[in-house]
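Read the structure below first, then the notes.
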Amino acid sequence: MSETSILILGGYGNTGRLLADYLLQETEVRLVIAGRSIEKARGMAAHLNLKFPGQRVTGLSIDASDQAGLRAAFSQVDMVVVAASTSAFVRQVATAALDARVDYLDVQYSTHKMAVLQAMAPRIEAAGCCFITDGGFHPGLPAALIRYIAPYFDRLESARVGSVIKLDWSGLNLGQATLVEFISEFMDFQMLAFCDGRWQQTGLVSMLKPVTMDFGREFGRQYTVPMFLEEMRAIPKLVPGLRETGFYVGGFNWFTDWIVSPLLMLVKVVPDRSLRPLARLFRWSLNTFSRPPYGTMLKVEAHGQEDGQAKAINLTLYHPDGYVFTAVPVVATLLQLLDGSARKPGLHLQAHIVEPRRLMRDLARLGIEISGIKENTNDHATL
Ligand SMILES: NC(=O)c1ccc[n+]([C@@H]2O[C@H](COP(=O)([O-])OP(=O)(O)OC[C@H]3O[C@@H](n4cnc5c(N)ncnc54)[C@H](OP(=O)(O)O)[C@@H]3O)[C@@H](O)[C@H]2O)c1
């Protein structure tokens with residue numbers, strides 16, 4: 001592990017800089033911090049070299065649209081972690097990684113990215129590379145949590161995963177590319193949930209009649225809508241007997257949820273140039289209307305049978321900082337990859353390649369608050 005070097009594309013962004021920090025803390029890897037600005041890349045490398053011993057970090061300027069530049073940079077490392085809002089350039093990035101025969105992990109939520117990578121899957125496997133997509137918090141954790149919780153039941157019948165993401169958006173310096181990528185995906189996400197044993201499209205009805213979940217803490221009952229994540233597709237097959245499942249995403253604030261989001265969904269087919277003003281409107285609504293309490297949470301509500309008795313478990317994961325909650329699951333997955341235990345050639349989803357019990361131990365060790373409540377016994381247990 002000591003010789004391994006990893007290039008983080010987007011390494012000085014909100015997600016990338018935390019990934020770098022935790023990786024230097026948890027492993028002996030060497031890092032290349034990359035993005036389009038050489039000043040920012042070198043500045044972040046200098047900051048990290050002051051914080052951690054061993055002069056393990058360098059900075060590099062790369063544009064994700066430049067396939068030759070990517071290939072040259074990737075050929076100097078063992079792995080690339082994509083923490084940049086560059087899903088539009090997934091073909092260039094993934095092809096360069098394949099050409100350089102390096103492993104790959106990304107944290108983007110993008111249907112375009114998924115389609116491109118799935119089409120490349122046979123080549124990825126033939127090259128012996130391990131590609132992990134949909135890393136992070138969501139995507140990244142919901143299906144892993146169901147894989148984790150299923151063995152606690154003889155028969156798991158229902159497992160809904162919900163999220164709360166309350167951020168102080170005005171304090172985040174999000175890049176324009178990140179916002180444009182975010183809203184273009186947001187305008188397009190599928191409201192699919194697995195109900196009564198089959199995947200069902202809920203559409204705008206689920207915005208008018210949202211599912212509520214009680215997240216406890218300072219959040220209480222929140223409304224959520226189904227959001228299809230690729231990692232959920234295989235869950236009903238992996239957990240026979242499951243009748244209800246899905247990922248349910250919580251709202252941002254009343255203005256973004258009830259005014260801006262429906263507008264984005266109504267104007268789905270807009271030319272690319274209209275995305276920038278929409279991204280500005282979205283950023284303004286997040287900055288203006290988001291209020292404390294802030295925090296990020298995932299909750300699994302699971303019901304089933306054990307020893308012939310009805311059983312229910314609520315599992316919650318919490319961190320006050322949504323970006324820490326994004327970076328930590330990626331680092332926990334990389335730990336399993338770097339020691340070889342999870343590494344296998346081909347295209348994989350983070351939520352499915354990771355061993356869930358070790359993942360949960362590492363999440364807890366790295367600061368994610370995890371609690372489970374066995375409701376049938378009223379036993380409040382920390383897992
Ligand atoms: N799975 C999850 O749970 C989760 C959670 C949060 C975020 N994300 C995803 O993580 C990604 C990053 O989000 P963020 O909030 O960290 O974004 P951010 O703070 O805006 O940082 C984006 C980074 O990407 C770099 N970048 C953008 N365009 C680039 C290009 N063409 N070539 C090279 N580098 C480029 C930026 O640097 P320059 O602009 O200077 O090049 C910056 O370093 C997004 O795709 C987001 O959707 C996933």
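In each ligand, atom 1 is the first atom listed, and ligand 1 is the first ligand listed. Computed from a predicted model, the values in this text were never measured in an experiment.
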When only distance counts, is [X] in polar contact with ligand 1, meaning an N/O pair under 3.5 Å?
X	value
Phe137	yes
Leu9	no
Gly16	no
Val107	yes

Between [X] and ligand 1, which part of the residue brings a heavy atom under 4.0 Å of the ligand: side chain, backbone, both or neither?
X	result
Ala83	backbone
Ile62	backbone
Tyr323	side chain
Asp63	both
Thr86	side chain
Thr326	side chain
Lys40	neither

Return the residue, atom name and 0.1 Å-rounded distance of the protein heavy atom closest to atom 22 (C) of ligand 1.
Thr178 OG1, 3.7 Å
Charged N-O contact under 4.0 Å between Asp78 and Arg30:
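Result for this pair is no, no salt bridge flagged.
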Is the shortest distance from a Lys or Arg side-chain nitrogen in Glu231 or Arg147 to a carboxylate oxygen in the other one below 4.0 Å?
no
Quick one: does Gly135 get a heavy atom under 4.0 Å from ligand 1?
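It does; at least one heavy atom falls under 4.0 Å.
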Any atom of ligand 1 sitting under 4.0 Å from a heavy atom of Phe182?
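False for this residue.
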Test item: side-chain donor near acceptor, Glu185 and Ser87, under 3.5 Å:
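On atom types as modelled, these side chains do not qualify, holding no pair under 3.5 Å.
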Going by distance alone, is a donor N or O of one side chain under 3.5 Å from an acceptor N or O of the other, for Asp321 and Tyr294?
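Note: Asp321 and Tyr294 side chains miss the donor-acceptor criterion.
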Can a cation-pi geometry be assigned to Arg160 and Tyr248, taking NZ or CZ under 6.0 Å from the six-membered ring centre and within 45° of the ring axis?
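That pair qualifies as a cation-pi contact.
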Does the separation of the ring centres of Phe74 and Tyr104 fall below 6.0 angstrom?
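No, they do not, as the ring centres are separated by 6.0 Å or more.
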